[in-house]
Every structure is written in structure tokens, then in C-alpha cells.
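Within every chain, numbering begins at 1; the chains are lettered A, B, ... in the order of the sequence lines, protein sequences first and strands thereafter.
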2 protein chains.
Amino acid sequence: MMSDIAALAGVSESTVSRALAGSSLISEKTRQRVVKIAQRHGYAVNPAARSLRRGLSHTIAVMIPLRHAHNQHFSDAFFADMLANLADAVNARGYDLLLHRVSEGEANWVEQPIQSRRADGAIVIGQSLEHKALDQAAVRGVPFVVWGARLPEQHYVSIGTDNFLGGKLATEHLIQRGRKRIAFLGDRRAPEVGERHRGYLKALADSDIRADRKLQLEIPFGADEALRSLSDLVRSGVSLDGVVAASDTIAMSAIRALTESGLKVPADVGVVGFDDVAMASYTLPPLTTIRQEIAPGAVLLVDKLLAILAGEPAQSQQMKPKLVVRAST
Amino acid sequence: MMSDIAALAGVSESTVSRALAGSSLISEKTRQRVVKIAQRHGYAVNPAARSLRRGLSHTIAVMIPLRHAHNQHFSDAFFADMLANLADAVNARGYDLLLHRVSEGEANWVEQPIQSRRADGAIVIGQSLEHKALDQAAVRGVPFVVWGARLPEQHYVSIGTDNFLGGKLATEHLIQRGRKRIAFLGDRRAPEVGERHRGYLKALADSDIRADRKLQLEIPFGADEALRSLSDLVRSGVSLDGVVAASDTIAMSAIRALTESGLKVPADVGVVGFDDVAMASYTLPPLTTIRQEIAPGAVLLVDKLLAILAGEPAQSQQMKPKLVVRAST
DNA sequence: TTGTACGCGTTATCAG
DNA sequence: CTGATAACGCGTACAA
């Protein structure tokens with residue numbers, strides 16, 4: 001503990017505390033001596049004591065709502081990538097990362113880790129169906145940021161891709177390839193997906209293509225339902241020459257469903273995914289998709305949250321999506 | 001804080017503390033009264049104060065070594081699945097989960113979070129190339145468990161699949177399908193993979209098939225290298241009719257490489273993966289693979305660690321792998 | 001620039 | 001079964 005180091009260095013505990021905290025109230029010489037002794041003895045400040053004293057945990061909670069999708073949602077490669085990047089960004093800032101999956105029915109889940117002082121702030125990956133809960137928490141002043149869509153008049157800071165533009169780009173690309181019967185696959189209740197769907201509709205309207213309700217499938221993030229719904233659709237005899245999927249996972253599943261139904265991708269049907277996860281380049285055929293910049297997004301999330309914690313103002317931000325053309329269109 | 005609740009309940013702080021901790025030293029009646037008041041006022045024990053007093057953080061660190069594979073390793077669906085299940089298992093036990101990615105060059109990384117009292121114990125996902133470091137830490141009494149291979153005379157507790165058997169099953173399956181020129185793809189420096197490779201060799205030997213060194217590719221977990229190496233192999237004109245991959249990710253990559261080289265899967269070459277991640281059923285063709293039981297594995301990891309923390313003895317355990325036959329063989 | 005003294009919010013010990 | 005008290009290890013206001 002600190003008193004040992006103080007004794008070894010022949011100074012008081014306060015001096016050790018200040019030296020280790022990099023206080024400017026201390027001479028560079030003593031600071032270096034103390035730091036060296038601490039290192040040699042493998043001493044590290046007790047985080048519990050520090051937290052108790054300072055009222056801060058030096059920890060960021062990462063929350064993953066699972067309301068509208070159980071495991072699938074999490075194991076989607078997109079979440080994994082985001083989480084990996086968040087872990088790096090948080091650790092790089094010297095903070096610890098508390099991971100929490102929010103199961104259904106947990107009340108006040110956003111503020112719970114903060115109120116109980118286990119974390120100073122939270123990062124929420126994906127709005128899921130929780131926009132209202134999040135907005136209320138923001139009004140109450142809970143410090144958190146969200147990866148997801150920016151909704152009209154929301155009170156919290158969100159970082160995310162311009163989903164409307166992403167959906168529009170994906171659809172326009174198919175239209176340019178001469179497709180006219182384009183399906184949309186995704187759970188529009190999730191705001192990000194809802195935006196992508198709006199972009200899809202806009203692109204169709206811009207090209208005077210009638211949007212057919214039968215081609216718009218309400219599919220949860222999981223791949224199982226995508227496979228089934230699309231197979232059913234094809235079997236029903238509806239004509240179809242393009243698919244805009246709300247995630248790469250859904251797109252991969254769609255490719256399989258189409259292929260097994262006797263349709264060729266991309267010859268008969270073009271498929272566009274969303275996310276550009278690592279796996280997207282290894283499917284057969286490699287996936288044309290809308291890339292979300294995950295690494296910069298993660299850094300942005302952490303920095304915005306730290307700004308909020310520091311009392312600075314922070315704005316929501318939308319990142320530009322990018323069409324990555326591979327072989328599925 | 002606790003004194004507020006004490007005042008409201010008309011009892012001492014000690015009583016509140018005991019009531020909330022479920023101590024048997026307290027009458028059921030007062031306990032219920034105190035608990036109710038605490039709930040009504042949204043009171044939760046301050047974890048920093050509790051940790052300071054008890055010397056326990058009530059937190060489990062999950063460490064992900066990246067020594068022999070950077071992002072790929074983590075974003076492999078297997079890691080994501082494992083992490084999701086660990087998060088659930090840890091939270092279910094009332095513990096918090098601290099996530100840490102171990103970058104190269106971090107010394108004493110296993111014990112760091114424990115020594116600094118941020119976590120009571122650690123779960124390490126994958127041995128990577130860290131077996132020696134882990135073993136030394138175990139000898140020093142650091143409380144942790146590992147997902148990975150059980151190595152001869154190791155001093156730490158490990159949970160994992162019987163990788164030798166898994167590799168053997170995969171290879172035998174291909175042999176039964178009449179394959180004789182079977183390649184192995186994976187980074188054998190990672191102990192899990194080394195075991196799978198041994199199983200592969202054993203299966204070949206049992207069937208009197210000569211193991212060809214040219215067919216054994218040293219491939220990191222990432223998919224990029226798998227794609228390139230296998231394409232090169234095929235181009236070199238070596239005959240080949242089967243592939244045992246060290247992960248589903250590698251297998252998917254292999255299927256693409258083979259297909260693009262003009263070989264048909266499974267007609268010309270059978271491919272077996274490892275893990276049975278969710279995505280494995282959605283590839284084209286759906287992947288025959290060796291299933292690892294991730295969810296039970298995660299629960300086992302947490303429970304073994306908690307046993308160790310409770311001072312109880314804990315044994316390593318190997319889970320039986322299972323061949324899941326789909327369309328790639 | 002350094003040291004002294006106190007309190008952060010709990011829980012364990014001991015006395016009743 | 002309950003209450004008073006001390007101590008967990010640190011950071012900071014205040015004094016020097």
C-alpha cells in the first residue's frame with residue numbers, strides 16, 4: 001500500500017499520492033524517485049480506495065441491449081468488431097471497460113451501472129427498441145452515448161453511420177445494375193434499420209420504381225428468419241432481382257436462400273449487405289456491402305463520452321457510409 | 001448512502017448492511033423492512049466502499065491475448081460467442097465483467113488486474129502463445145482459468161474441447177468419404193490447433209495414409225492468409241481432395257479459395273471446419289464442422305473460477321467435440 | 001514544495 | 001438478534 005512506498009521513499013503518503021497522480025505541486029525530482037520505487041515494488045494504487053475517495057470509478061460501461069434479438073444480435077460480427085475496438089479505445093484512455101448485456105425486463109438499465117457507481121458513464125451499442133428509455137435517461141442527465149441512428153429531437157448523443165444514405169446507396173447501386181424488383185430485409189423497428197429502409201424507399205422513388213410491400217420483409221437480425229422468409233417469398237412466385245439486406249449476416253443468409261431456391265447470385269439476383277464485416281469478403285460470392293467505419297466510430301464514442309464526463313458539450317455525429325462493390329451484385 | 005436508509009428504517013447502519021447482505025444474524029422481519037425501504041429509495045451499496053472494506057472487487061476479468069493474431073482473432077465469431085456467453089454467466093452469478101484485450105508486450109498481464117485489485121480472478125480466452133507465462137502465473141497462485149487446450153503437466157485449470165479428438169473426427173470423416181489427399185490449415189503454434197493437428201495426423205496414420213507436409217499449411221487465425229496459401233497450393237498443382245480447417249473462419253475462406261480456383265466443394269474437395277459458429281450453417285455450401293459447446297463451456301469457466309476463488313479444488317476439464325455434418329463434405 | 005489530519009461508505013469485530 | 005466502533009487505502013483542504 002501507499003504507506004509502504006512512502007516509508008521506502010522517506011516521504012509522506014500525500015507526497016506519494018501526488019507523485020503518482022502527476023500533481024504539479026511536486027518537484028520533478030521527488031516525483032521521479034517515488035514513481036521509480038513504486039514501479040520496482042510493483043505497487044499500484046488501489047482502485048477501490050481511489051474510487052471511494054474521488055467518487056469516480058474510472059470505468060466505462062458498455063451496454064448491449066438484447067430486447068429485439070437474443071444471441072444473434074451479439075454474435076453478429078458487427079458487434080464483435082465494435083466491441084473489440086471499444087475495448088482498445090477505452091483501455092487506451094486508461095479506463096476500464098465493464099461489459100454488460102441487457103436482458104429483457106431490466107429496468108433503468110442505462111443508469112444502473114452509473115447510479116451504483118460502478119461506471120462513470122456508459123456506451124450503448126445499438127438502440128434496439130430502447131429509444132424512449134434512452135431519451136428519458138438523457139433528460140435526467142445520465143452520461144452516456146449511443147452507437148446508432150440519430151433520431152429527430154433526441155436528447156442523447158449518438159454516433160453512427162448515415163443509415164438513410166447507406167440504404168439509399170445500396171438500393172441505387174442495384175438500380176444502376178438494372179434491378180427493378182428489389183427486396184428489403186431487416187427489422188425496421190430498430191431505428192438504424194428503419195433509416196436504411198427509408199433510404200431504400202427514397203432510391204426507388206427517385207427512379208420511379210414502385211415499392212412493393214411484398215418485397216419488404218420484417219426480419220430480426222438473426223439469420224434463421226432471413227433464410228426462411230426469403231425462401232418462402234421465392235417459393236410464392238413473386239418476381240425478384242435484387243436484395244438490400246440490413247446486415248451482412250442477413251445478406252449471407254439471403255444468398256444461401258436464393259441459391260438453394262435455384263436462383264443465381266448475382267446473375268439472377270443481386271445482393272447488397274450492410275456493415276462490411278471481415279467475413280464479407282470471404283463469402284461466395286464475396287459480398288457487395290455498405291461499409292460502416294467501426295474503428296473510428298469506436299474512438300469517437302469513447303471520446304464523446306469522456307467529453308461529456310468532463311462537462312464539455314458534445315454533438316451527435318453521423319459518419320458517411322461507403323459502398324464496397326464485390327461480386328454479389 | 002447507507003446511513004440514510006438506516007435513519008429511515010430506524011435501525012443502525014450495521015443492521016442495514018446485514019439486511020442487504022442477507023446475513024443470517026438478522027430477523028426476517030427487519031430484513032424485509034430494510035430491503036423494501038432500500039428498494040423504494042433506489043439505494044444500492046456503493047461497490048467501491050464495499051470493495052475497499054472487503055478486499056474483493058466482485059469482478060471477473062476476461063482477458064483476450066492477441067499475441068499471435070490481432071483483430072482477426074477477436075472478431076472470429078467463436079470469440080464473440082464465447083464472450084457473449086461469459087458475459088451472461090458472469091452477470092448471472094452477480095459478478096461484473098471487466099474486458100481486457102492483451103496487446104503485445106504487456107508484462108504480467110494475467111495477474112495485473114488481480115494484483116491491482118480491479119478483479120478477483122481472471123478468465124483467459126485462448127492460450128495463444130502464452131502457455132509458459134500462464135503456467136508461471138499459476139505456480140505463483142494467481143487465480144485464473146483458461147479456455148483452451150489441456151497441456152501435459154500444466155499448473156492452471158483449463159476448460160476446452162478435446163481438440164485431439166476433434167481433429168481426429170474431422171479427418172476420419174473425410175477419410176470415410178473416400179478422401180486421401182487431406183490438407184490441414186491452421187496455426188499449430190496455438191496449443192488448441194496443435195492438438196487438432198495431432199488428431200489429424202493420427203487419423204491419417206490409422207488409415208495408413210501418408211501425411212504430406214506440403215498439405216499442412218501454417219495459417220494464422222485470420223482468413224486472409226488462408227485464402228492466399230490455399231490458392232497458392234492449388235495453383236502449385238498439388239493434388240488435394242479434402243481440407244481440415246482449424247476454425248470455421250478458415251474453412252469459409254478455404255471454400256472460397258477452392259471455388260475460385262475452379263474446384264467444387266464438396267464434389268472435388270471436402271471441407272471440415274471447427275467451432276460450429278452460428279454462421280457455419282449459412283455458408284454456401286453449409287459447413288460440415290466440429291462443434292465446440294460454447295455456452296456450457298462458458299458456465300464451466302465461471303464456475304471453476306468461482307470455486308478457485310472460494311478456495312475449493314478445481315480440475316481441468318475437456319468437453320467432447322461433436323461432428324456436425326452439413327453439405328461441405 | 002511537503003506534511004498533517006480527516007473522511008469517503010462499507011463491513012467485521014466485539015459487546016450487549 | 002442488534003448497535004457502536006474501528007479500519008479498509010487513498011486524496012485533499014489546510015497548515016507549515
Which letter, B, S or -, goes with each nucleotide of nucleotides 8-16 of chain D from 5' to 3', with contact meaning a protein heavy atom under 4.0 Å? BBBBBB---
Distance-only polar pair, side chains of Gln154(A) and Ser158(A), donor-acceptor under 3.5 Å: yes
Report the distance from atom [atom1] of [X] to atom [atom2] of [N], rounded to the nearest whole Å.
{"X": "Leu25(B)", "N": "dG16(C)", "atom1": "CG", "atom2": "P", "value": "18 Å"}
{"X": "Ile5(B)", "N": "dT10(C)", "atom1": "CD1", "atom2": "C1'", "value": "14 Å"}
{"X": "Leu20(B)", "N": "dT11(C)", "atom1": "CG", "atom2": "C1'", "value": "12 Å"}
{"X": "Arg33(A)", "N": "dT1(C)", "atom1": "CZ", "atom2": "P", "value": "15 Å"}

What orientation do His58(B) and Tyr95(B) show, parallel under 30°, tilted 30 to 60°, or perpendicular over 60°? parallel
Phosphate-side-chain proximity, Ser51(A) and dC8(C), N/O vs OP1/OP2 below 4.0 Å: no
Would you indicate whether Gln315(A), at its atom CD, is surrounded by more than 12 heavy atoms from other residues, nucleotides or ligands within a distance under 6.0 Å? no
Enumerate, atom names and distances included, each donor-acceptor pair closer than 3.5 Å involving a side-chain atom of residues 41-48 of chain A, sequence neighbours excluded.
from     : atom 1 : to       : atom 2 : distance (Å)
Asn46(A) : OD1    : Ala48(A) : N      : 2.7
Asn46(A) : OD1    : Ala49(A) : N      : 3.1

Going by salt bridge (Lys or Arg N to Asp or Glu O under 4.0 Å), name the residues that satisfy it together with Arg117(B), two or more places apart in sequence or in a different chain. none
Mind checking if Thr30(B) touches a base, just sugar-phosphate, or nothing, with heavy atoms under 4.0 Å? sugar-phosphate
Given the rule in the side-chain contact (heavy atoms from CB on, under 4.5 Å) test, do Ile60(B) and Leu86(B) qualify, once you have shown the distances and angles that lead to the verdict? CA-CA 10 Å; Ile60(B) 290 175; Leu86(B) 280 175; over 6 Å; no
